[in-house]
Amino acid sequence: MAYSYELGPIRPPSEAYSLLIRVTINCPWNRCQFCRTYKGQKFQLRSVAEIKQDIKTAKLIQDKIKELSWESGYGGRVKEIAGMVVNNPPDEVFRNVALWLYAGSESVFLQDADSLIMRTDELAEVISFLRGTFPDIKRITSYARSKTAARKKLDELIQLREAGLSRVHIGLESGYDPLLQYMDKGVTAAQHIKGGRNIVESGISLSEYVILGLGGKEMWREHAIQTARVLNEIGPDFIRVRTLTVSSGMPLGGEIENGNFIRATDEEILEEERLLIEHLECHSNYVSDHITNLLQEIEGKLPQDKGEMLASIDRFQALSPEERANFRIGRRFGIYNHLDDLYESHRRQAVEQVKHRLGQGSNQVDDQTIYTLMEGFI
Ligand code: SF4
């Protein structure tokens, strides 16, 4: 029996343990300068029948793992068998289902970049079928573009919520129109607000993603202030930040080579983040769940945790130049997770060794080295 089906390339960090069901293929826009995920790939809608077949196959894999659990003496408990499959999966589909089962099979993420582009009736049918097939799932989420969400009627979004769509993740990236245009995001700040408000008003939970550093050295200030303004108007449940990385295949790489876009450094990006947080007045959870962020501890509930979040930036900025250099390398090398880790002598020594190996004996950290290390994570 074949256990294979469509899997897309990405999901948000918060959906690491979700069952992945691909409802559309690639991105219908596919022009953003800072994104390489679907470049060269054509967007395709999928039929409801095809998607249902994938969901049925995921169910078959779930049943197979349960069966193995009985046969292996685990009495139908799936965690142990799922853990073994995750470590030695026959393929990526099996691995994804096993990981989902291992983590308690609570959530499903609908891939790829803009599921709301499906006809509402069809997407609602898929979501209802998922809920019927896996009655214990607690959350179904998906990516969407603001422009698509802005075009949907409120009634349609309510229909999707009633079918079982719990949360939408939108790549806001910035709220500054000249920057959105420069990056060819294909959406204006006003459309971001309209799309975001539509989701919020429908009762579907909303995550908005912001890219720190997207304004580079030239537009960072407006990027921070206008992004905060747009987020204040939307009032999403979650604001999630990640830091700009530039890897091969991204059109932005050419702009950097030509000198048209000058990247901001870690320390400049922290100033930008300070300005963003200072201007945020919405009631949202601010989440820094991406490996690319220098200070992952800048998290909290707005507005009450704003002071504490800004204090983390103060704390970094109060470090000596040597300590800041050490932390940046340690963070980008995966040795540190938080500022407190700087005070664990074994970690600090490990970073000093790395610095030595990189030929960074001086206190000056070469920004290009830092960018290269960061991009190694992506
Ligand atoms: S809309 Fe999203 S997936 Fe599509 S190109 Fe832009 S960033 Fe990439």
Is the shortest side-chain N to carboxylate O distance from D237 to R167 below 4.0 Å?
-> no
R331 (side chain) donor-acceptor with Y336 (main chain) under 3.5 angstrom | yes
At their closest point, which heavy atom of S288 faces which heavy atom of N293, and how far apart are they?
-> OG-ND2, 2.9 Å
Have T265 and E267 got a donor and an acceptor in their side chains that come within less than 3.5 Å?
-> no
Any side-chain heavy-atom pair of E271 and R221 under 4.5 Å = no
Inspect the contact between D114 and R145 and indicate whether a charged nitrogen and a carboxylate oxygen are less than 4.0 angstrom apart.
-> no
Taking NZ, NE, NH1 and NH2 as the nitrogens, is one of them in K56 or D63 under 4.0 Å from a carboxylate oxygen of the other?
-> no
How long is the span from the CD atom in E156 to the CG atom in L116, to the nearest 0.5 Å?
-> 9.5 Å
Mind checking whether M183 and C32 have side chains closer than 4.5 Å, heavy atoms only?
-> no
Answer yes or no: is there an ion pair linking E15 with R139, defined by an N-O contact shorter than 4.0 Å?
-> yes
Is the closest basic N to carboxylate O distance between D367 and R328 below 4.0 Å?
-> yes
Does a side-chain heavy-atom distance below 4.5 Å link L19 with F134?
-> yes
Verify the ring-centre separation between F109 and Y143: is it less than 6.0 angstrom?
-> yes
So CD of Q191 and CG of D177: to nearest 0.5 Å the spacing works out to 9.0 Å
Basic-acidic side-chain contact under 4.0 Å: R240, D289 = yes
4.5 Å side-chain heavy-atom contact, I117 and F43 | yes
Do the non-hydrogen side-chain atoms of T57 and Q53 ever get within less than 4.5 Å of each other?
-> yes
